[in-house]
Amino acid sequence: MLKKTVEVALNDQLNSEFYSAYLYMSMAGYFEHLSLPGFSNWMKVQYQEENSHTMKFFRYINERGGKVVLKGVNAPPSSWKSPLNAFEETLKHEEEVTENINELLDIAMKEKDHATTNFLQWYIKEQVEEEANVSNIIAKLKMIQGSNESLFLLDKDLAQRVFVDTTMGGTP
Ligand code: OFO
């Protein structure tokens, strides 16, 4: 059985994963509007990933006898200054998520909830990957700034991304 403090903190993170999904769907729309379907695809896959993160919390809260409580989701921005700016904002957002996951882990450890501590290790690893993926795209965007031809090639590259649900197994 989950302690109330842990249950509330898990629900907060579940709700915040919905916001992440919403933010990336908004970015997918922005890139679609710029006629960059590969970038849009990357963001749509990111949206699917965030939904899978939400569902992992959903399953866990229920498995531990807790109750899922949904809240309102804030409206995300709908436009950015440039593709680079959108990815810089993505990195900023993911760094905040990492911070939140770390705080959630601190709560679980303080409550000596070893099962939740163990469960959250998946998210700790996932955040390392999330930040690395986004940083990699930012580095490429900085390299090609000003070159439409290179942007077109990067768009083709990002069109290859496919969603793979890693939330049921062990490592992200
Ligand atoms: Fe759920 O990892 Fe991004 O936000």
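Start at 1 and go down the list; that is how both ligands and their atoms are numbered.
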Check: Is the closest side-chain heavy-atom distance between Glu111 and Thr5 below 4.5 Å?
Finding: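 Sidechains of Thr5 and Glu111: in contact.
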Notebook entry, point to check: Is there side-chain contact between Tyr60 and Trp122, with heavy atoms separated by less than 4.5 Å?
Noted result: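 No - every pair of side-chain heavy atoms lies 4.5 Å or more apart.
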Next item on the list: Would you confirm whether the ring centroid of Tyr24 sits within less than 6.0 angstrom of the ring centroid of Phe31?
Entry: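 No, too far apart.
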Margin query: Can a donor-acceptor pair be found, under 3.5 Å and without considering hydrogens, that links the side chain of Asn11 to the backbone of Lys67?
Written below: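 Yes.
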Notebook entry, point to check: Excluding waters, how many protein N/O/S atoms sit closer than 2.8 Å to atom 3 (Fe) of ligand 1?
Noted result: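 Protein N, O or S neighbours of atom 3 (Fe) of ligand 1 under 2.8 Å, waters not counted, come to 4.
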Note to self: Can you see whether Gln127 engages Glu131 through a side-chain donor-acceptor pair at a distance of less than 3.5 angstrom?
What the structure shows: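 Side chains of Gln127 and Glu131: no pair found under 3.5 Å.
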Next item on the list: Applying side chain to side chain donor-acceptor pair (under 3.5 Å), name anything that partners Ser147, two or more places apart in sequence or on another chain.
Entry: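 Testing Ser147 for side chain to side chain donor-acceptor pair (under 3.5 Å), a comparison that skips the adjacent residues, returns Ser150.
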